[in-house]
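All values derive from a computational prediction rather than experimental measurement.
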Amino acid sequence: MQDEPTPIELTKSVADFLRNDITPLISGHQAFKLRVAINILDLVTRQLTREEGSDAAEVERLCALLGMDGSLIDLNRTLAMRIAKGEIDLATPGLAEHLWQTTMDKLAVDQPNYASYKRELSRGG
């Protein structure tokens with residue numbers, strides 16, 4: 001365990017510094033590259049913030065769906081294999097809900113401003 005600041009605080013601080021203090025000073029292609037770097041730092045911050053809880057919930061759903069324990073990687077491989085073999089499909093209880101929630105969790109990290117994602121959140125999806 002490390003002392004503060006946490007990795008989340010560090011990445012957020014760097015992104016905020018670049019966004020607020022450096023962005024106004026540059027233009028053109030360098031400003032574009034800076035926006036890309038800021039977006040990367042924001043993405044890493046969201047990953048660090050949400051990863052543990054999202055992964056644990058995904059493992060729990062997969063264990064219930066597949067009737068077995070395992071790591072997130074192994075469970076996802078098993079799910080993919082069973083879908084490919086036709087052993088599991090959208091008629092399987094819990095699969096559609098699992099896929100939907102996993103997609104929403106991934107969008108929360110990758111594209112939190114995506115209009116369709118925001119619309120589904122407002123619906124309680």
So OG1 of Thr78 and CD of Glu87: to nearest 0.5 Å the spacing works out to 10.0 Å
Open item on the list: Check for me, please, whether Met68 and Ile73 land in the same ILVMFWY cluster - side-chain distances under 4.5 Å, paths through other members count.
Closed with: no
Tightest non-hydrogen contact, residues Leu75 and Cys63, listed as CD1-SG, 3.8 Å
**Item:** Working for salt bridge (charged side-chain N to carboxylate O under 4.0 Å, His left out), residues Glu58 and Arg61
**Value:** CA-CA 5 Å; Glu58 185 176 356; Arg61 288 191 310 271; 5.1 Å; no
Rounded to the nearest 0.5 angstrom, the OG1-CZ distance for Thr23 and Phe17 is 9.5 Å
Do side-chain atoms of Asp74 reach the backbone of Gly70 as a donor and acceptor pair under 3.5 angstrom?
no
For Pro93 and Leu65, the nearest pair of non-hydrogen atoms, with its separation, is O-CD1, 3.4 Å
Donor-acceptor contact present, side-chain Ser54 to main-chain Asp105, <3.5 Å: no
Rounding to 0.5 Å, atoms CZ (Arg77) and CG (Leu62) come to a distance of 13.0 Å
Note: Ala108 and Tyr117 closest approach over all heavy atoms is CB-OH, 3.1 Å
Could you go through Asp42 and Thr11, starting from their C-alpha distance and side-chain angles, then the distance that decides it, and tell me whether this counts as side-chain contact (heavy atoms from CB on, under 4.5 Å)? CA-CA 7 Å; Asp42 289 340; Thr11 55; over 6 Å; no
d(Arg19 CZ, Leu41 CG) to nearest 0.5 Å is 8.5 Å
Between Ser122 and Arg119, is there a donor-acceptor pair closer than 3.5 Å when you use the side chain of the first and the backbone of the second? yes
Query raised in the report: Can you tell me if Asp110 and Gln47 form a side-chain donor-acceptor pair at under 3.5 Å?
Result: no
For Asp89, the side-chain contact (heavy atoms from CB on, under 4.5 Å) test, sequence neighbours excluded, returns Ala91, Thr92
d(Leu95 CG, Leu79 CG) to nearest 0.5 Å is 6.0 Å
Notebook entry, point to check: Short question: side chain of Glu9, backbone of Thr6 - any donor-acceptor pair under 3.5 Å?
Noted result: yes
side-chain contact (heavy atoms from CB on, under 4.5 Å) filter on Glu60, not counting sequence neighbours, yields none
Worksheet item: Going by an N to O cut-off under 4.0 Å, is there a salt bridge joining Lys12 and Asp16?
Response: yes
Cluster overlap Leu107 with Leu48, hydrophobic side-chain contacts below 4.5 Å:
no
- Message: Treating Arg82 as the side-chain partner and Leu66 as the backbone partner, does any N or O pair qualify as donor plus acceptor under 3.5 Å?
- Response: yes
